[in-house]
Amino acid sequence: MTFIKDFINVLSASSISFLLLSSIFAFIVYFNLLDGQLRTKGGKLFLGLGIAFVLIGLFIRPLLYLGIAYLAIMFGLAHLGPRLWDRKVGKWLLIFMLAGFFVSMLDPNFFLIAAKPDNVPIGAMIFLLGIFTWIALRKAYLNDKQIAAGGIPWEKTETSEKLFVWPDLVYTEMLCMILLTIVMIVWSIVLRAPLEEAANPTSSPNPAKAPWYFLGLQEMLVYFDPWLAGVVLPTLIIVGLMAIPYIDTNPKGAGYYSFRERKWEIGIFLYGFLVLWSFLIITGTFLRGPNWNFFGPYEYWDPNKLVPLVNIDLSEFFWVSLFHMPPPRLWVIRELPGILLVVGYLSLPPLLATGPFRRFYLKMGATRYYVGAFLFLIMMALPIKMVLRWLFNLKYIVHIQEIFFNI
Amino acid sequence: MADLRALQDGIVNSQIWKSIFRVGIPNTNRKRVLAVLGSLILHLHPVKVRRSGTRMSYTWCMGGTTFFLFLVETVTGLLLMFYYRPTIEYAFTDIMDLREQAPFGIMREMHRWGAHAMVIAVWLHMFRVFMTGSYKPPREFNWNVGVILLVLTLLLSFTGYLLPWDQLAIWAITVGSSMARATPGAGNEGPMSGLIKLGDIRLIHAGDDARFALIGGRSIGPATLLRFYVLHCVAIPLVAGFLMAIHFWRVRKDGGISGPL
Ligand code: HEM
């Protein structure tokens, strides 16, 4: 039991769990949604990834755990194949998840955090996200199969059929309302709303956490400065969401669940919604303790846990480690490598437009292509910075303290 | 049974009943049409809808759930307003009293859990709309109205979080609002803000930056409480309610719940 708990504790460190989640996400898309095969080139890539994790893991223990977990889940998913979308399999997955949750509740440290009144809805959200993602993808998969076989999506069999709102819709709505009312009343009786001591501006709690739906942003503060994590990125998330209907001009897949016809759009959206946004919120809620240190789900939140701060800037890495000289005094020169890197990253779209992404450029037109590519790059900046942090302890790519401009 | 039937007939045929529900029991198609058309609330719907649009398995009823939770919040919030005064002398003790004294005291619980649930429901609703490709023409604009509603939902929750005025509240808002300090060009510690100067004097400082505008002071205090209270109870619900009306209107004008053509 302790071994399993230890295993899961190591696995849930954001560096490890993020890589696990990302690769499993990619695998499900490739294998369970697009009917990939382990024998093909793509399949071998996924196998190779697992083996690479294990090999590196021989030197770095957490990666060994990652490799084992990844390979186990991967083979499980490969074994299931399209059956992952069977009702029976879904039911069992849910039962396993629930069982895992309730067994974990026996652990006092897990219980302490998971049973905090404000955390209960977030725990429920994990299950709801899992259930609804599965439902949506199951429907998408079934429709894809129909369409591939020359048929029509399931929804289309019913579009010409019109019903009276009274009684058919009104009764459904009424039923929903009654059920929801019952849920809300029971929930309110069973779980009391938290109330701590009266506000005291002189004594700050540790950890001080933002409201839970902003914990994804607070978690981003680990990797970016507040001006990015708290202002620019949230703004761009909103702008990005609003831009979706204008960037995505694919006429297919409107009004029914599907995946194959929209694999890029759905892939990117799901990655952002589940693997970035939801994952960060869950990490920030359940796994960040005093001083915003990481704690595994079965770990005690020890306020005295010491985590060495060894992060260094790119400029330091470049001038000191590479050229063995003190960093130049003038920030324009000191930060040149980082600035060039950022500019290079952001000028990928025009470069790729003439090369491998020409197809997209022509199909979408210049404005759509550039806006879409820019937003995508900004979104991917987060996982890139996260991985750089874990691999090289990189603090800032550009660090201009003179004007508070750090990336 | 026969007695019950007679009783039902008696009620349905009474002058009082007929004066309220103009069509009586909608047991013919004609009456079903009239029941929906004739009612302010029901006529949010069209008279007839595509079958696929009524399926719970298609919409998950998530938009409806969000709206219902908004109504729950409105009702419970109104009741809470009877007991609550937004000043730092009273805010916390009023909540204490509410907890200890108010009969049938689950209003605060319901308001808080309803708020959490509404945030989750609105995300799931957006997720569903995305997965069915329902933002595609002609529904682009309604998707955008939705995104604004999503932001307003979060802001409603955020402003409400401060009102109990306990440790949880002020520190969560302190963390949340400290981000505004880093707004580029407009926050005291934001990039480029230091460059905005008049001669030698910095124009952007802790006493006039974006954070100051948000919380009405240099730190969370009485002005913040009042500000968040007004935003939470009046301003944001009004705007959100207005946008929801547009949202629902557009669902109909864009051809009802989406379906494959
Ligand atoms: C307070 C928040 C919101 C409320 C009360 C609300 C309510 C609703 C309702 C009742 C519907 C009818 C269909 C259904 O129940 O699914 C609907 C449809 C729709 N909503 Fe929302 N919504 C909200 C937020 C959003 C958000 C955040 C988005 C997207 C970002 C969005 C985009 C849409 C679109 C595009 C439709 C049309 C869907 C279709 O035709 O299939 N809404 N909304």
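Note: hydrogens, waters and symmetry copies are ignored here, and every other heavy atom, side chains too, is used.
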Taking every heavy-atom pair that is under 4.5 Å apart, which of [options] has the most such pairs with chain B?
options                        : answer
A/P194, A/C176, A/P226, A/A140 : A/P194
A/A210, A/S278, A/A243         : A/A210
A/I185, A/T235, A/L129         : A/I185
A/I266, A/L191, A/I135         : A/L191
A/P167, A/G230, A/S203, A/G253 : A/S203
A/F405, A/F269, A/Y256         : A/F269

Please state whether the side chain, the backbone, both or neither of [X] comes within less than 4.5 Å of a heavy atom of chain B.
X      : value
A/K209 : backbone
A/L215 : neither
A/K252 : backbone
A/Y213 : both
A/S258 : backbone
A/V231 : side chain
A/D225 : neither
A/T133 : both
A/E173 : side chain
A/F259 : neither
A/N143 : neither

Considering all heavy atoms of both residues, which atom of [X] and which atom of [Y] are nearest to each other, and what is their separation?
X      : Y      : value
B/H125 : B/G63  : ND1-N, 3.3 Å
B/P184 : A/V232 : CG-CG2, 4.0 Å
B/Y161 : B/P164 : O-CD, 3.4 Å
A/F224 : A/L228 : CD2-CD1, 3.6 Å

Quick check on the interface: out of [options], who has the most heavy-atom pairs with chain A under 4.5 Å?
options                      : value
B/K48, B/M56, B/E140, B/R181 : B/K48
B/I170, B/V49, B/L42         : B/V49
B/V147, B/V129, B/N144       : B/N144
B/V175, B/V151, B/T132       : B/T132
B/R55, B/M192, B/K31, B/R128 : B/R55
B/W113, B/F92, B/W143        : B/W113

Residues [X], [Y]: salt bridge by 4.0 Å N-O rule:
X      : Y      : value
A/D248 : A/R368 : no
B/R50  : A/E158 : no
A/E161 : B/R51  : yes

Tell me if the aromatic rings of [X] and [Y] count as close, with their centers under 6.0 Å from one another.
X      : Y      : value
B/F248 : B/F67  : yes
A/W212 : B/H116 : yes
B/F158 : A/F214 : yes

Given that the side chain runs from C-beta out, which part of [X] has a heavy atom under 4.5 Å from chain A: side chain, backbone, both or neither?
X      : result
B/S157 : both
B/V36  : side chain
B/F130 : both
B/S57  : both
B/T93  : neither
B/M107 : neither
B/L69  : side chain
B/Y58  : both
B/I148 : side chain
B/R32  : both
B/L195 : side chain

Would A/Q218 and A/W292 satisfy side-chain hydrogen bond (donor to acceptor under 3.5 Å, both in side chains), going step by step from the backbone distance to the final call? CA-CA 10 Å; A/Q218 199 175 351; A/W292 209 253; over 6 Å; no

Whether A/Y396 and A/H399 hold their rings parallel, tilted or perpendicular, with breakpoints at 30° and 60°: tilted

side-chain contact (heavy atoms from CB on, under 4.5 Å) between A/Y257 and A/D144, intermediate numbers included: CA-CA 9 Å; A/Y257 289 93; A/D144 284 354; over 6 Å; no

Report the C-alpha distance between B/M62 and B/V122 in whole Å, list the side-chain angles of each, state the deciding distance to 0.1 Å, and finish with yes or no for side-chain contact (heavy atoms from CB on, under 4.5 Å). CA-CA 7 Å; B/M62 267 309 156; B/V122 84; over 6 Å; no

Would you check, one step at a time, whether the test side-chain contact (heavy atoms from CB on, under 4.5 Å) holds for B/F127 with B/W60? CA-CA 11 Å; B/F127 179 45; B/W60 309 344; 3.8 Å; yes

Take atom CZ in B/R22; do more than 12 heavy atoms of anything else shown fall under 6.0 Å from it? no

Is the number of heavy atoms from other residues, nucleotides or ligands within 6.0 Å of CZ (A/F127) greater than 12? yes

Run the side-chain contact (heavy atoms from CB on, under 4.5 Å) test on A/R262 and B/M131 for me, step by step, so that the C-alpha distance in whole Å, both residues' side-chain angles and the decisive distance to 0.1 Å come before the verdict. CA-CA 10 Å; A/R262 313 166 52 209; B/M131 292 305 287; 5.5 Å; no

Walk me through whether B/Q167 and A/N200 qualify under side-chain hydrogen bond (donor to acceptor under 3.5 Å, both in side chains). CA-CA 6 Å; B/Q167 282 288 73; A/N200 179 359; 5.7 Å; no

